[in-house]
Amino acid sequence: MGRISVELVPRSEDGLREDLKTIQNSVEGVDVINIPDLLRLDIRSWEGAAIAQEYFPAVMPHIRAIDVDLTKPLAMRLELRRSGITEVLVIEGDPPQDMSHKFYPTVTTDVIQKFHQEMPEVKVYAGIDQYRGSMRQEMYRIQRKLQAGAVGFFTQPFFDLRFMEMYADMLEGQNVYWGVSPVMSERSQSYWELKNNVVFPKGFEPTLNWSIDFSRKALEFVKKRGANLYLMPIKSNLEAYLKGVLG
């Protein structure tokens with residue numbers, strides 16, 4: 001199969017290092033560390049990725065398109081080159097709750113092209129949101145990102161293998177990281193349903209055991225296709241979830 005990537009939220013440097021050591025010492029098979037960019041945190045994604053690189057050679061910071069001013073050089077360019085980071089994931093990004101943070105009407109295709117112009121050594125991945133609209137609409141967005149220069153994609157978490165199979169047919173030949181994430185409470189389930197338009201399958205349970213069982217099935221799914229798996233654990237069950245999925 002391809003690579004296994006784990007997303008770690010950089011809430012603090014000490015907390016991030018603790019999570020990295022947990023994975024390094026307790027879990028086998030992890031190839032890439034993804035670091036999201038959350039404005040409520042002090043550590044930006046490329047700073048967290050530089051820390052993660054001390055533990056895993058392959059790291060991938062998330063870059064929010066709406067934070068990028070197209071009239072200026074990429075703000076993170078020097079730090080990415082200093083750290084030797086050669087892969088990024090460009091996402092659209094949600095507008096900040098604190099409106100003192102400036103943002104721009106920049107879209108992902110603009111940022112993908114900007115990376116190719118300013119940092120051609122960097123491989124740029126893009127997101128797939130299978131819950132945003134119809135499959136036809138999402139396929140159009142995927143084609144636009146490919147034309148802009150994306151080398152692969154990361155999906156939102158899947159919770160239904162039948163839905164994964166439909167997208168697998170549509171994405172045949174593409175370099176895809178198939179996302180899975182534990183859902184541990186009814187409150188979390190409601191978040192996915194209301195904010196992200198997820199429809200959970202019959203028999204779904206917001207428990208660690210259900211999440212591990214589904215993620216293991218997703219792992220077999222990607223193995224058969226030579227694809228990649230994108231695990232998005234939560235802090236409270238990081239080790240239990242990853243060990244349950246990866247063995």
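All of these numbers come straight from a predicted model, not from anything done at the bench. Residue numbers count from 1 along this sequence.
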*So do the side chains of I142 and M170 get within less than 4.5 Å of each other, counting heavy atoms only?*
yes
*Okay, side chain of D110, backbone of T106: is any donor-acceptor separation there less than 3.5 Å?*
no
*Taking side chain as C-beta onward, heavy atoms only, is L231 less than 4.5 Å from E7?*
no
*Look up atom CG in L89 and atom CZ in R64, then write down how far apart they are to the nearest 0.5 Å.*
12.5 Å
*Under a 4.5 Å cut-off applied to non-hydrogen side-chain atoms, are D94 and L39 in contact?*
no
*Identify whether the distance between the nearest side-chain nitrogen and carboxylate oxygen of K72 and E118 falls below 4.0 Å.*
no
*For the side chain of S211 and the backbone of V183, is there at least one donor-acceptor N/O pair under 3.5 Å apart?*
yes
*Kindly assign one of parallel, tilted or perpendicular to the pair F204 and F159, based on the angle between their ring planes and the thresholds 30° and 60°.*
perpendicular
_Donor-acceptor pair, distance only, cut-off 3.5 Å: does the side chain of D37 make one with the backbone of I63?_
no
*Does one hydrophobic cluster hold both F153 and M60, with members joined at side-chain heavy-atom distances below 4.5 Å?*
no
*Can you hop from L146 to F115 via hydrophobic side chains spaced under 4.5 Å?*
yes
*Is the shortest distance from a Lys or Arg side-chain nitrogen in R81 or E121 to a carboxylate oxygen in the other one below 4.0 Å?*
yes
*For E54, which residues count as a salt bridge (Lys or Arg N to Asp or Glu O under 4.0 Å) partner, sequence neighbours excluded?*
R17
*Begin with the C-alpha distance, continue with both residues' side-chain angles, and end with the deciding distance and a verdict on side-chain contact (heavy atoms from CB on, under 4.5 Å) for I66 and Y104.*
CA-CA 5 Å; I66 64 172; Y104 305 88; 5.8 Å; no
*Run the numbers on L208 and M184 for side-chain contact (heavy atoms from CB on, under 4.5 Å), then give the verdict.*
CA-CA 6 Å; L208 179 60; M184 300 295 297; 3.4 Å; yes
*Please list, chain by chain and in numerical order, all residues satisfying ring pair (Phe, Tyr, Trp, His ring centres under 6.0 Å) with Y177, sequence neighbours excluded.*
Y125, F154
*Should V59 and M76 be regarded as members of a common hydrophobic cluster, given that ILVMFWY residues are connected when their side-chain heavy atoms come within less than 4.5 Å of each other, either directly or indirectly?*
yes
*Has E28 got more than 12 heavy atoms of other residues, nucleotides or ligands less than 6.0 Å from its CD?*
no
*asked:* Are the side chains of L171 and I128 in contact, using a 4.5 Å heavy-atom criterion?
replied: yes
_Nearest-0.5 Å distance that lies between atom CD in E92 and atom CG in D129_ = 8.5 Å
*Return the minimal non-hydrogen interatomic distance between P10 and P36, and the atom names on each side.*
CD-O, 3.9 Å
_Smallest separation among heavy atoms of P73 and R77, with atom names_ = CB-NH2, 3.5 Å
*Would you mind reporting whether I33 and S5 have side-chain heavy atoms less than 4.5 Å apart?*
no
*Would you list the pairs meeting salt bridge (Lys or Arg N to Asp or Glu O under 4.0 Å) in which at least one residue belongs to residues 135-158, sequence neighbours left out?*
R132-E138, E138-R141
*Given a cutoff of under 4.5 Å between side-chain heavy atoms of I, L, V, M, F, W and Y, with clusters grown through shared members, what are the other residues clustered with I43?*
none
*same_hphob_cluster(Y131, Y230) at 4.5 Å side-chain heavy-atom cutoff*: no
*Regarding D69 and T71, is there a side-chain donor-to-acceptor distance under 3.5 Å anywhere?*
yes
*Between Q143 (side chain) and Y140 (backbone), is there a donor-acceptor pair under 3.5 Å?*
no
*Go through the steps for E87 and V122 under the test side-chain contact (heavy atoms from CB on, under 4.5 Å), then give the verdict.*
CA-CA 5 Å; E87 296 178 289; V122 172; 5.7 Å; no
Only pairs under 3.5 Å count here: list side-chain donor-acceptor contacts from residues 194-202, not counting sequence neighbours, and write none if there are none.
none

*Apply salt bridge (Lys or Arg N to Asp or Glu O under 4.0 Å) to E193 and list each qualifying residue two or more places apart in sequence or on a separate chain.*
none
_Once rounded to the nearest 0.5 Å, what's the spacing between atom OG1 of T86 and atom CE of M119?_
9.0 Å
*Any chance you could measure L70, atom CG, to Q117, atom CD, to the nearest 0.5 Å?*
9.0 Å
*Within the side chain of H62, is there an N or O that forms a donor-acceptor pair under 3.5 Å with the backbone of V90?*
no
*If you take all heavy atoms of M232 and G179, which pair is closest and at what distance?*
CE-CA, 3.7 Å
_Testing the basics here: between R3 and A58, what is the closest heavy-atom pair and its distance to 0.1 Å?_
NH1-CB, 3.9 Å
*Looking only at non-hydrogen atoms, find the nearest pair between A150 and I112 and report the distance.*
N-CG2, 3.7 Å
Please table the atom pairs, donor to acceptor, closer than 3.5 Å between any side-chain atom in residues 238-247 and protein atoms at least two apart or in another chain.
from	atom 1	to	atom 2	distance (Å)
E239	OE2	S26	OG	3.2
Y241	OH	S215	OG	2.6

*Find the distance between NZ (K217) and CD1 (I212) and round it off to the nearest 0.5 Å.*
13.0 Å
*asked:* Is any side-chain heavy atom of L8 closer than 4.5 Å to one of L20?
replied: yes
*Search all heavy atoms of S83 against all heavy atoms of Q53 and return the closest pair with its distance.*
O-OE1, 2.5 Å
*Given side chains that start at C-beta, do those of V32 and V6 come closer than 4.5 Å, heavy atoms only?*
no
*salt bridge (Lys or Arg N to Asp or Glu O under 4.0 Å) involving D19 - partner list, sequence neighbours excluded*: K235
_Donor-acceptor pair, distance only, cut-off 3.5 Å: does the side chain of N228 make one with the backbone of I4?_
no
*Pairs meeting criterion side-chain hydrogen bond (donor to acceptor under 3.5 Å, both in side chains) with involvement of residues 156-167, two or more places apart*: D160-R162
*Should L78 and V88 be counted in the same cluster of Ile, Leu, Val, Met, Phe, Trp and Tyr side chains packed under 4.5 Å apart?*
no
_My understanding is that only residues two or more places apart in sequence, or in another chain, count here; which of them pass salt bridge (Lys or Arg N to Asp or Glu O under 4.0 Å) with R187?_
none
*asked:* My understanding is that only residues two or more places apart in sequence, or in another chain, count here; which of them pass ring pair (Phe, Tyr, Trp, His ring centres under 6.0 Å) with W178?
replied: F158, F221
*Evaluate the criterion side-chain contact (heavy atoms from CB on, under 4.5 Å) for residue pair F56 and V30; output intermediate values, then yes/no.*
CA-CA 9 Å; F56 291 85; V30 175; 4.2 Å; yes
*Apart from V107 itself, what residues make up its hydrophobic cluster, given side-chain heavy atom links below 4.5 Å?*
none
_Just verifying a value: how many Å separate Q189 CD and E205 CD, rounded to the nearest 0.5 Å?_
10.0 Å
